[in-house]
Amino acid sequence: MMSFLKRIWTAAPIATAILGIAMAIVLLLSVRLVAFWIYWADPNHRDQTVAAWMTPGYIAYSWDIPRPAMLEALSGATPRPGRPMSLQDIADANGVGVEDLIVAAEAAIAAHRRSDAEGRGNE
Amino acid sequence: MNEAIFALVSEYGVYVIFASAFLSCLALPIPTSLMMLSGGAFIVAGDLAAAPVVLAAFGGAVLGDQAGFLIGRYGGAPVIGRIARSPARRAVLTRAQALVNRHGALGVFLSTWLIAPLGPWVNFVAGATGLTWVRFAISDILGEAIWVSLYVGLGYGFASQIDTIATLMGNIVGLVAALCVAGAMVLWIRAVLRAGHLRHH
């Protein structure tokens, strides 16, 4: 094994070094993929949380809330076609903390889900 | 890091997508795939229109590839000269050039979408080893069309899990690229060993 390594190192040192680095990366990424698979197989891990980079439109889509309801809950969000406003942008524009907007968004999601469940319960 | 990219795209929209597609095709380490994923997500969320996103990504990528190819064609000769100094390497390089002439278009095509991290380097090598521009351009356009459709499509389809899909794709693409590099090194080493062995007889 060692003499083989010596042979290829003498014949093509740069290629051998690149090969070593590439194999190390293959090992690292394979381990990460397996860990990823195990982690995401657990359904408890699959909930996204509302983040500052998200726009009201994105939140509405991902949590299946009607878009106007989300825009209303985060009042001050004027739709700019082509330049969507993220929660961070809305917070900066209105001088509020982005955490308040995140809480407002989560409250709107919860409220919508509640009224959905109640509607279904009455049928 | 994913979050910073998503924030950039929501802030600057198609301009950052175009710029990053162009620069990443010139070997700058910019996560353009990530930007296209988020572009797709913002399209389905109703925040961005589809046509500008797709055109910006496609246009930026093709123009960046063309620039890389031209840099390789007009600036690649000294690098090739250095590699070709030893006789064994020169023999391997000649065979590599023959390979590029026969299969170069396929290599360009695959490196634009399947093995995207190697794309910029394939562009340089294609230009330096004399692949004809027409063959390069056709493979490049087809490949980039697939790349843009694939990533914007994934962002569109998996929008509600955008962070997860971004991390997953990053790992998969990196793995494929590393395997290809390792495979290429194995072939090169075997060829150099064989060329050196033959000369001793």
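Just so it is clear: chains get the letters A, B, ... in the order the sequence lines come, proteins before strands, and each one is counted from 1.
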Which atoms of [X] are under 4.5 Å from chain B, going by heavy atoms: the side chain, the backbone, both sets, or neither?
| X | result |
| --- | --- |
| Ala60(A) | neither |
| Phe36(A) | side chain |
| Thr10(A) | neither |

task = Apply side chain to side chain contact (heavy atoms under 4.5 Å, CB included) to the pair Val122(B) and Phe109(B), showing each step before the final yes or no.
result = CA-CA 10 Å; Val122(B) 172; Phe109(B) 175 73; over 6 Å; no

message = Checking an interface table here. Which of residues 169-180 of chain B come within a heavy-atom distance under 4.5 Å of chain A?
response =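 From residues 169-180 of chain B, the residues near chain A are Asn171(B), Ile172(B), Gly174(B), Leu175(B), Ala178(B), Leu179(B).
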
ask   = Which residues in residues 17-41 of chain B have any heavy atom lying under 4.5 Å from a heavy atom of chain A?
value =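 Counting heavy atoms that sit under 4.5 Å from chain A, the residues of residues 17-41 of chain B involved are Ala41(B).
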
remark   = Rounding to 0.5 Å, atoms CZ (Arg190(B)) and CZ (Arg194(B)) come to a distance of 5.0 Å

message = Quick check for you: to the nearest 0.5 Å, what is the distance between Ile146(B) atom CD1 and Phe58(B) atom CZ?
response =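 Going from CD1 on Ile146(B) over to CZ on Phe58(B), the span is 10.5 Å.
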
query = Between Thr16(A) and Leu5(A), does a side chain to side chain contact (heavy atoms under 4.5 Å, CB included) hold up when you go through it step by step?
reply = CA-CA 9 Å; Thr16(A) 306; Leu5(A) 285 176; 5.6 Å; no

key: Aromatic ring proximity Tyr151(B)/Trp113(B), centre distance under 6.0 Å   = no

task = Please determine, among Val53(B), Ile189(B), Val192(B), Val186(B), the option with the most heavy-atom pairs under 4.5 Å with chain A.
result = Ile189(B)

query = Of all heavy-atom pairs between Phe124(B) and Gly68(B), which one has the smallest distance, and what is that distance?
reply = CD2-O, 3.2 Å

query = Which pair of non-hydrogen atoms, one from Ser149(B) and one from Ala145(B), has the smallest distance, and what is that distance?
reply =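 Scanning both residues, the minimum pair turns out to be OG-O, 2.6 Å.
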
request  = Please step through side chain to side chain contact (heavy atoms under 4.5 Å, CB included) for the pair Glu106(A) and Ile102(A), ending with a clear verdict.
outcome  = CA-CA 6 Å; Glu106(A) 288 172 345; Ile102(A) 292 178; 3.8 Å; yes

ask   = Which of the residues Ala15(A), Gly20(A), Ala24(A) is involved in the greatest number of heavy-atom pairs with chain B at under 4.5 angstrom?
value = Ala15(A)

request  = Look at Val26(A), Ile8(A), Ile25(A) and state which one has the largest set of heavy-atom pairs under 4.5 Å with chain B.
outcome  = Val26(A)

ask   = Looking at Val44(B), Asp163(B), Thr164(B), Ile165(B), which one forms a side-chain contact (heavy atoms from CB on, under 4.5 Å) with Phe158(B)?
value = Ile165(B)

ask   = Under 6.0 Å from the CG atom of Asp64(A), do we count more than 12 heavy atoms belonging to anything else shown?
value =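 Not more than 12 within 6.0 Å, no.
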
query = Does a donor on one side chain and an acceptor on the other come within less than 3.5 Å for Asn2(B) and Thr167(B)?
reply =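 Looking only at side-chain atoms, Thr167(B) and Asn2(B) do form a donor-acceptor pair, the distance falling under 3.5 Å.
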
task = In sequence, state the C-alpha distance, the side-chain angles, and the governing distance for Asp140(B) and Phe69(B), and then conclude on side chain to side chain contact (heavy atoms under 4.5 Å, CB included).
result = CA-CA 10 Å; Asp140(B) 184 50; Phe69(B) 179 80; over 6 Å; no

request  = Evaluate the ring pair (Phe, Tyr, Trp, His ring centres under 6.0 Å) criterion for residues Trp133(B) and Phe136(B): first the C-alpha distance (whole Å), next the side-chain angles of each, then the deciding distance (0.1 Å), finally the verdict.
outcome  = CA-CA 5 Å; Trp133(B) 179 80; Phe136(B) 174 81; 8.1 Å; no

task = Below 4.5 Å from any heavy atom of chain A, which atoms of Leu8(B) appear? Answer side chain, backbone, both or neither.
result =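 Neither part, no heavy atoms under 4.5 Å.
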
